[in-house]
There are 4 protein chains.
Amino acid sequence: MAGVNKVILIGNLGADPEVRYMPSGDAVANIRIATSETWKDKNTGERQERTEWHNVVFFGKIAEIVKQYLHKGSKIYVEGKLRTKKWQGQDGQDRYTTEIIVDINGTMQMLDSRSGGGGMGSSVPFDDAPAHQSSRGGRPQSSSPAPSSGGSSPGGSSQGAADFDDDIPF
Amino acid sequence: MAGVNKVILIGNLGADPEVRYMPSGDAVANIRIATSETWKDKNTGERQERTEWHNVVFFGKIAEIVKQYLHKGSKIYVEGKLRTKKWQGQDGQDRYTTEIIVDINGTMQMLDSRSGGGGMGSSVPFDDAPAHQSSRGGRPQSSSPAPSSGGSSPGGSSQGAADFDDDIPF
Amino acid sequence: MAGVNKVILIGNLGADPEVRYMPSGDAVANIRIATSETWKDKNTGERQERTEWHNVVFFGKIAEIVKQYLHKGSKIYVEGKLRTKKWQGQDGQDRYTTEIIVDINGTMQMLDSRSGGGGMGSSVPFDDAPAHQSSRGGRPQSSSPAPSSGGSSPGGSSQGAADFDDDIPF
Amino acid sequence: MAGVNKVILIGNLGADPEVRYMPSGDAVANIRIATSETWKDKNTGERQERTEWHNVVFFGKIAEIVKQYLHKGSKIYVEGKLRTKKWQGQDGQDRYTTEIIVDINGTMQMLDSRSGGGGMGSSVPFDDAPAHQSSRGGRPQSSSPAPSSGGSSPGGSSQGAADFDDDIPF
DNA sequence: TTTT
DNA sequence: TTTT
C-alpha cells in the first residue's frame, strides 16, 4: 500500500457546471475543463496547439461553490485525484471513464481576477483555517452562523482540505 | 487574495526528529531532509551532485506519527507549504528562516518499503477517509477481507487533510 | 490558451513494463501502477482500502530506463500529464482511455531503496543538469562516455526534463 | 541519492522584477510574490488572512520573459525548486536565504487573463514542444526567427522544461 | 511589497 | 466545449 494520486490543473470550463444532488442532500458538480499546450513545429516552424479536456467532479461543499461561482469560460486551478469508473455501455460492454475527483482533500481556486464574466464578481464566501491553528480540536467544530458575509476568498487556502474546512455547513 | 503555496519533497532525514510540545499539548516535530540532484558536467563529463537541506515542521497528529515512525535515514514523501519566520539574532538583528509546514492540509508518506530500520515495520496506524465517503455517501464501502499482509500503509491517503482525518485520536 | 496539466503519482507496478518501438526507433513503455488509499469507516470503524490503477506511458529515453530498471512490484514516483485518447471498439463505437504521459517534460524516480528485486540494484545511470548551470548553450550537448559506472541516482533530478537530459543515449 | 524538490506557487508580484545579467550574458530575474490564505477564526468568527512572501529567481530565457511581461501586481503560476543559499552578513556571520529557483526545469504561467495592466497584452511569445513529438532529435535546435508575432501562449506548456524549450533564442 |  |  501507500500511494500518492494527485492531479493539478489550470484551465477553463467548456460549459456551465452540471449539478445534481445525492439522496443525502450532498451536491455533486461536474465540469469539463480544457488545458492547452502550444509549441512550434520543428520542421515547419508553425505554431501548434493541443487542447486536452478533463472531466472534473466536485463533491460536497465545494460542489456548491462550483455551482454558484463557476460558469462557462471560468479559469480555475484544481487539485484532485484520479479515479477511473467502470460502467456498462448499452451494448452491455464494460466502459471506463477517468475523472479528476475534487473532494475534501482537493482544492479549487478561481483565477479570473475580477469579474467572472457573468455576475458581479467571482468572490467565494468560503472559509478555511490553517491547520495548526485549529487548536487541538482536530476538526472545525465551528458553529458561527453567518457564512459568507463580506466573503471574499476566491479560492481559499492554498492547500488541501482547508478549502472545505470552514465553520459553516452549507 | 487567492494563492497556492505548495511544496512537494522526497528525501531522507538527516537526523532523528526533534519533538516538542505546545502548551496545548499538541506535538510539533522538526526534521531536516535532504533532496539530491545529480547531473553530468558539460565540460568535464564528471558526475556532479548537489544536496539541498530542508527544514520541515509537522503539527498536530502528524507530528506524533513523525516522532513514532521516522528516524535518521528514513525516506519520506512530504507535501506542505512554505513559511518564512522572522527571528532575532543574538546581535538583535532580524533573521529569516524558511520552513516547510506540514499541518492538517499537508501529507507525509513513508517510502522505506519494509522496515524502517528500527521497529517492526513502518506501518502507520493512521486513518483517513476520502471526503465524499464521509458517512453514508456512496463509496467503495469495500469489504474485501484482510487488506494484505499485516497492515501496511506507510502513510495514508495520497491527498491532503485526509491524512489526519481519522476517527481515532492518537 | 494557458494551462497546467500535471499528474503526480507514487505507486507500484502491477506487471512488468511493456515496451514497443516506434518506426523512428524510439521506445514507448507502458506500465500499470496502483495507488492505494486507506481510511477507517466512520461507522463501523473498520479499515477500508481502495486501489486505483493508472495507465502510464513513457516516451523516449525514459522508456528505455523503464524497460531496463522497472518490473512488477517496483515502486516509483511519476510526474506527467493527462491525455485521453480516442479509439474505436470492435463494434465501431468510440472509446476513450485516459493515460498519464511521461515524456521529456515528465519525471520518474525509483523508490525501491536498494535492490529492485531483480538485478543487482535499482540504480539508474542517468544524468541531468541543473538548468542554470547549462551555460548559455541551451542544452547539454555532452557526449562523455561512461554513463552509469559509479552512477547512482535512481531517478534523477527532481524536476522536469532534466530527467531525460543526460548525455548518454541509452 | 534520489529526491524530489518541487514548489508550486500562485500569487502576485509585490514589485516589478529585478533583472541582472551574468558575465555569460544570461539574464537572472528576481521577483517577490505573495500567496495568501484566509480562514475564519474558530472563536471570534472573524475573517483572518495570512500573506506569505516568496523570493523567486528565474534563470535563462525565462528570466527574459519575466523581465518583459511581468510587473508589480501580475498574477502568476510558478513551478520551481527550493534552494537555500548561504551568505555572509556584514558582521561576518552566516546567513541563509531560501529561494524558489525556476530554471529550465521549472515553469511560469501568467494568469492575468487579458491585459497585464501595462502593455498591450500579456502574451508571451515563447514556444515549446511536447516531448514525444520531438522526434529523435534530442532537442529543438530550431532557428526560425520572428519570436513573438503570432505568438500567443501566455505561459507555455503545462510541464517542465518545455517552457523554455522554444526555437527562438531570445 | 501583491492581491481580494 | 474553454481559453489565447
Side-chain angles (χ1 to χ4, degrees), chain A residues 9-18 30-38 47-56 69-76 78 109-117 121-127 148 150-158, chain B residues 1-5, chain C residues 1-5 84, chain D residues 9-18 30-38 47-56 69-76 78 109-117 120-127 148 150-158:
Chain A
L9 303 175
I10 292 182
N12 302 283
L13 276 72
D16 289 341
E18 291 181 7
N30 285 266
I31 63 171
R32 293 268 290 168
I33 81 173
T35 57
S36 312
E37 53 180 340
T38 60
R47 175 167 294 284
Q48 310 279 89
E49 178 168 354
R50 186 182 202 288
T51 294
E52 189 69 39
W53 287 95
H54 311 268
N55 295 307
V56 185
Y69 297 96
L70 301 189
H71 49 78
K72 182 175 177 175
S74 295
K75 176 175 289 189
I76 59 172
V78 152
Q109 292 241 347
M110 298 172 66
L111 298 175
D112 301 299
S113 8
R114 29 213 134 223
S115 87
S122 61
S123 279
V124 176
F126 97 12
D127 317 84
S148 51
S152 56
S153 168
S157 128
S158 56
Chain B
M1 197 324 292
V4 169
N5 174 0
Chain C
M1 201 318 296
V4 169
N5 174 358
T84 297
Chain D
L9 303 175
I10 292 182
N12 301 283
L13 275 72
D16 288 342
E18 292 181 7
N30 286 265
I31 63 171
R32 293 268 291 169
I33 80 173
T35 56
S36 313
E37 51 180 342
T38 59
R47 175 166 295 284
Q48 310 280 88
E49 177 167 356
R50 186 182 203 289
T51 294
E52 189 69 39
W53 286 96
H54 312 268
N55 295 307
V56 184
Y69 297 96
L70 301 189
H71 50 79
K72 180 176 176 175
S74 294
K75 175 175 289 190
I76 60 172
V78 153
Q109 291 241 349
M110 299 173 65
L111 297 177
D112 301 300
S113 8
R114 26 215 134 222
S115 87
M120 77 318 197
S122 61
S123 279
V124 175
F126 98 12
D127 318 82
S148 49
S152 57
S153 168
S157 127
S158 56

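Naming: A, B, ... by sequence-line order, numbering from 1 per chain.
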Can you say whether a donor on the side chain of A/Thr51 sits under 3.5 Å from an acceptor on the base of F/dT2, or the other way round? yes
Calculate the interatomic distance between D/Leu70 atom CG and E/dT2 atom C1'; express it in whole Å. 13 Å
Can you tell me the distance, in whole Å, between the CE atom of D/Met110 and the P atom of E/dT3? 14 Å
Rounded to the nearest Å, what distance is computed from the CG atom of residue A/Asn12 to the P atom of nucleotide F/dT4? 7 Å
Spacing between A/Leu111 atom CG and F/dT4 atom P, to the nearest angstrom: 13 Å
Check the distance between E/dT4's P and D/Glu37's CD and give it to me in whole angstrom. 18 Å
Is any NZ, NE, NH1 or NH2 atom of the basic residue among A/Arg50 and A/Glu52 found under 4.0 Å from an Asp or Glu carboxylate oxygen of the other? yes
Figure out the CD1/P separation between A/Ile31 and F/dT3, and round it to whole Å. 13 Å
From CZ of D/Arg47 across to P of E/dT4 the rounded distance in Å is 15 Å
Side-chain (A/Asp16) to main-chain (A/Lys72) donor-acceptor, under 3.5 angstrom: yes
Step-by-step side chain to side chain contact (heavy atoms under 4.5 Å, CB included) determination, D/Met110 to D/Leu70: CA-CA 8 Å; D/Met110 299 173 65; D/Leu70 301 189; 3.8 Å; yes
Indicate whether OP1 or OP2 belonging to F/dT3 is found under 4.0 Å from a side-chain N or O atom of A/Lys75. no
Quickly work out the A/Ile10 CD1 to F/dT4 P distance and round it to whole Å. 14 Å
Could you give me the CA-CA distance, side-chain angles and deciding distance for D/Ile10 and A/Leu111, then say whether side chain to side chain contact (heavy atoms under 4.5 Å, CB included) is met? CA-CA 10 Å; D/Ile10 292 182; A/Leu111 298 175; 4.2 Å; yes
